[in-house]
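Note on naming: letters A, B, ... go to the chains in the order of the sequence lines (proteins, then strands), and numbering restarts at 1 for each one.
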Amino acid sequence: MDFLDSLNPQQREAVAHTDGPLLILAGAGSGKTRVITHRIAHLIHTLGVPPYSIAAVTFTNKAAAEMRERVEKLLAGHNSVSGLVVSTFHSFCVRLLRRDGTALADLRPGFTRDFTIYDEDDQLGIVKSIYRQHGIDEKQFLQYRAAISRISHAKNHKLSPEEVLNTAKDPKTRKLAAVFEEYEGRLRQANALDFDDLLLESVRLLRHDGRTRGAYNERIAHLLIDEYQDTNRSQYELMRLLTEIHQDVCVVGDEDQSIYSWRGADIRNILDFEQDFPKALTIRLEQNYRSTKNILDAASKVVSNNTQRKGKWLWTSADAGAKIGVFEAADGENEALFIADSIEKLLRDAPGERVAVLYRTNFQSRQIEEALRRYGRKYRVIGGFSFYQRAEIKDLLSYLKTLASPLDSVNLLRIINTPARGIGKSTVEQIERYAIENGMAMWPAIGRLLEENAFPARAAAAVAVFRDLIEELRDASTKEPLDETVRLILEKTGYTRMLELDDSPDSEARRENLSELVNAAAEAAERGEGISEFLDHAALVSDSDDLDEQAQVSLLTLHNAKGLEFPFVFLAGLEEGLFPHSRSIDSETALEEERRLCYVGMTRARKRLTLSWAHYRRRFGGGPGEQCIASRFLSEIPRELVEPFGARTAPREVNLFAEQYAVRESARKNTFTGKTYNSLDNISEFFAARGVAPIPPNAGAEGLRLVQPKPPAGAATPAARGKKTGTGSIIDHPRYGKGTVIRREGDGEDAKLTVSFPGYGLKKIVAKYAGLKSHE
DNA sequence: TGATTGTTTGCTCCA
DNA sequence: CAAACAATCA
């Protein structure tokens, strides 16, 4: 059996070159996964390399699992792959630190191998607590998230709090340095590592601990790194530290697909590879096996507008295929309906095919979901609100973390009064203050305060109950299997009871989520996992990990689409300010990354690619929206490759002076944001709210094109129109003069109107008090 | 203390 | 629109 036969010459060379550093510049769809898997199979089968001396690092757990599976398949009946390491950098580091991290305690006092991993929520908790402690006002200083990202940035650039302080040029940065220092202190006190630390501390450990480094170097004779263009500096250093002996490192990447610079990805890693390894061989894979010629040409043309690239031109032997569809929608809803309708037609002609709808930001999924639901089409949203981010799941995980590590104050804080057990704000503050004053974690502080009788009577009782509860559960957690522990937590803390008493519509869904968690715990327990492995898993799963290949329609962000392919792809929201995102528009570098993102998105499509944009898009639910112009990326696609279709009629004019100003302001401040909402679970409620019957699946798009553009915001009800204060109508205000109604809440005389008055801006007024005269 | 109500405000993308 | 927070009252 030969793993070279089915490959093209460049791929073959890449697979066969196994005795020195190798850089594979693999264009989109050029078969890089194929090369990696074949390379591993070749090493094991043909060269007789033991699987355990091969390590492959990928970007997501899902990619890792898939890769392992494909290698297994290739070697089926010939070799076992047991011992082969395929994982993400983060998982790799967690395992390294858990298994061989003891020596890190030399550099990081208090570190033990059963450290906790802090996710973004935990970080937020720490920063909030620090702000509270120092009386910092979020509004006057940095927003929590901004502070976190600046801290993370500093860490990734190997800056200590002192260095931040010393190089600070403004008071804000000096203050940030103080927050940073405190933040690091809190992590250490809780024996916790954040995501950055997982990598950073692994690097420090390997630097410091020669024995461990030696052992890993000895063992890993062949290292493969996928998506190399998105590695950051620590990942790079890790690679260097792991390849000191064998130097057989194979990195695969594509500088045109580098889309994670905001997370610290350092493009130098790929650009300088040949300098770092003078003996390196570079191989380019430029034949694309995925897309039609039109798709490939369009994508290549777009990305060729970038200056920071090595430059390559993909080619294909495939047919031209369909042209790139470009739909110009009146508004976001229209766009969503168009997509849903097209999918419907498409799947009627080609049942069983997979379709993806890609977008720049998560909030865009909401409208598309609604449209798909309207057609009764099943879909799957990847990312956004993942299972492990749900409040009830996080609560339960917090209990587990609290049981596993008594010094973890952040998680203790989360659950101390959930469900409510009489430990109120003032009591919590008392504990927190005491803990900080005495430099201890909150859990021991609770014990001390109880001993000293420092609580008011009622609080003392509640806190004592809580302490006993946690101790009881902690004791149980050491004896019982994991799922039993989870079940005990649900029961003893009254969490289940709390949900049972809650008659809100989503409490049932929450209970189901929790029972799913119990199942997950049971499965983990069967695999012999304890609390910390279970928590590691929860911390390291990524949104794209739960991509269901079977789902016919997938909704996902462009970032999540990396590495995937679909026969049919819709790319929505190609508007200036949205994609490219307004935050990236001022910087040439950031803009180029947006363009690469566009390239990634376009090259996901195999057969047909449809782009769309809307003239008018609402940012938050019913609020005033914004007029948009087409993304520059659209104009970068050669006209002859485009098939324009859709309503060419301009949407209703929203030429309001004040609103335009407001729009520009908000665009400047980038309020183009949104959350991924858990979509409405109740379909009939959804339709009832809109007073429409679901469109039957076979309704066809012909009617759709005639859909009148929606009025700009908050559809005017017939009643409202009767009063002539509906949206869009002009009213006369005694003080502000003539203005246009932009938004209307409520009915009749009680209605609250948002009116745009030229020269005064947006005003909220109540119809019956304002003494309005309406015009028509 | 904690439930309820009102008000504000969303700086993307993610392991 | 919906989450997060603040203010208010029982």
Side-chain angles (χ1 to χ4, degrees), chain A residues 57-64 87-94 117 119-120 124 128 138-139 142-146 149 152 194-199 227 230-232 235 259-265 358-364 366-367 370 382-386 388-389 391 417 419-428 456 458-459 462 536 538-545 556-562 573 577-585 590 593-594 596-597 600-601 618-623 625 666-680 689 713-714 745:
Chain A
V57 186
T58 63
F59 210 70
T60 61
N61 292 297
K62 162 118 172 54
S87 73
T88 64
F89 268 109
H90 286 87
S91 313
F92 181 89
C93 289
V94 170
I117 301 170
D119 64 15
E120 214 170 305
L124 194 66
K128 277 185 188 169
E138 193 189 6
K139 288 181 194 79
L142 285 170
Q143 300 215 321
Y144 300 131
R145 301 220 173 259
S149 86
S152 167
D194 63 22
F195 277 107
D196 297 323
D197 286 331
L198 294 178
L199 303 172
E227 308 282 9
D230 283 325
T231 51
N232 63 25
Q235 290 165 331
I259 54 175
Y260 280 101
S261 69
W262 53 273
R263 215 173 67 186
L358 311 181
Y359 37 81
R360 176 70 235 266
T361 58
N362 276 310
F363 88 100
Q364 290 169 264
R366 200 171 138 262
Q367 246 173 354
E370 288 182 1
I382 293 139
F385 226 73
S386 83
Y388 286 100
Q389 284 173 337
N417 202 31
R421 53 172 71 88
I423 305 178
K425 212 163 111 189
S426 47
T427 310
V428 172
R458 197 151 62 136
D536 283 354
L540 295 172
V541 285
S542 73
D543 291 334
S544 43
D545 287 342
L556 58 164
T557 62
L558 288 157
H559 283 90
N560 267 322
K562 174 161 124 161
L578 182 56
F579 187 35
H581 197 274
S582 51
R583 247 192 94 104
S584 308
I585 251 164
E593 180 148 319
E594 297 280 316
R596 289 193 292 271
L597 199 51
V600 168
R618 283 182 292 178
R619 274 168 294 143
F620 310 115
S666 56
R668 195 179 59 74
K669 288 190 294 194
N670 178 29
T671 38
F672 232 140
T673 173
K675 307 228 163 12
T676 304
Y677 309 109
N678 264 329
S679 27
L680 279 167
E745 296 156 273

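Regarding E120(A), its CD atom lies at a distance of 10 Å from the C1' atom of dA15(B), rounded to whole Å. Atom-to-atom, CD1 of I585(A) to C1' of dT12(B) comes out at 12 Å; the value is rounded to the nearest Å. R618(A) has its CZ atom 12 Å from the P atom of dA2(C), to the nearest Å. Taking atom CG on L556(A) and atom P on dT12(B), their separation rounds to 19 Å, with Å as the unit. The distance from atom NZ of K562(A) to atom P of dA15(B) is 10 Å, rounded to the nearest whole Å. With rounding to whole Å, F579(A) atom CZ is found 16 Å from dT12(B) atom P. As rounded to whole Å, 13 Å separates atom P of dA15(B) from atom NZ of K62(A). The interatomic distance linking N417(A) (CG) with dT1(B) (P) rounds to 9 Å, in whole Å.
With centroids closer than 5.5 Å and planes inclined by less than 30 degrees as the test, W262(A) and the base of dC13(B) pass as a stacked pair. Remark: ring of H581(A) stacked against base of dT12(B); centroid gap under 5.5 Å, plane tilt under 30°.
Distances shorter than 4.0 Å separate some side-chain N or O of T557(A) from OP1 or OP2 on dC14(B). The phosphate of dC13(B) has neither OP1 nor OP2 within less than 4.0 Å of any side-chain N or O from N560(A). For dT1(B), one of the phosphate oxygens OP1 or OP2 lies less than 4.0 angstrom from a side-chain nitrogen or oxygen of T427(A). An OP1 or OP2 oxygen of dA15(B) is reached within less than 4.0 angstrom by no side-chain nitrogen or oxygen of N232(A). At least one side-chain nitrogen or oxygen of Q143(A) sits closer than 4.0 Å to the OP1 or OP2 atom of dG10(B).
A distance of 4.5 Å separates CG of L597(A) from CG of L558(A), quoted to the nearest 0.5 Å. The distance from atom OG1 of T60(A) to atom NZ of K562(A), rounded to the nearest 0.5 Å, is 9.0 Å. In this structure, the separation between CZ on F363(A) and OG1 on T557(A) is 13.0 Å, given to the nearest 0.5 Å.
The main-chain N or O of H581(A) is found under 3.5 Å from a side-chain atom of E594(A) such that the two form a donor-acceptor pair.
The 5' end of DNA chain B is approached more closely, in terms of each residue's nearest nucleotide, by G424(A) than by the other of E594(A) and G424(A). Between V428(A) and F195(A), the one whose closest nucleotide on DNA chain B sits nearer the 5' end is V428(A).
Under the 30°/60° scheme for interplanar angles, the aromatic rings of Y260(A) and F59(A) are found to be tilted.
Residues W262(A) and H559(A) meet the side-chain proximity criterion, which asks for heavy atoms closer than 4.5 Å.
Here A462(A) pairs with I423(A) under the side-chain contact (heavy atoms from CB on, under 4.5 Å) rule; sequence neighbours left out. Applying the side-chain contact (heavy atoms from CB on, under 4.5 Å) criterion to A538(A), with sequence neighbours excluded, gives Y388(A), L397(A).
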Every protein N/O lying under 3.5 Å from an N/O of nucleotides 4-9 of chain C:
residue: dC5(C); atom: OP1; partner: K128(A); partner atom: NZ; Å: 2.9

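A donor-acceptor contact under 3.5 Å is formed by the side chain of S584(A) with the base of dT12(B). Judged by distance alone, with hydrogens and angles left aside, R145(A) brings no side-chain donor or acceptor close enough to the base of dC11(B) to form a pair under 3.5 Å.
The residue F89(A) sits apart from the nucleic acid: no heavy atom pair falls under 4.0 Å.
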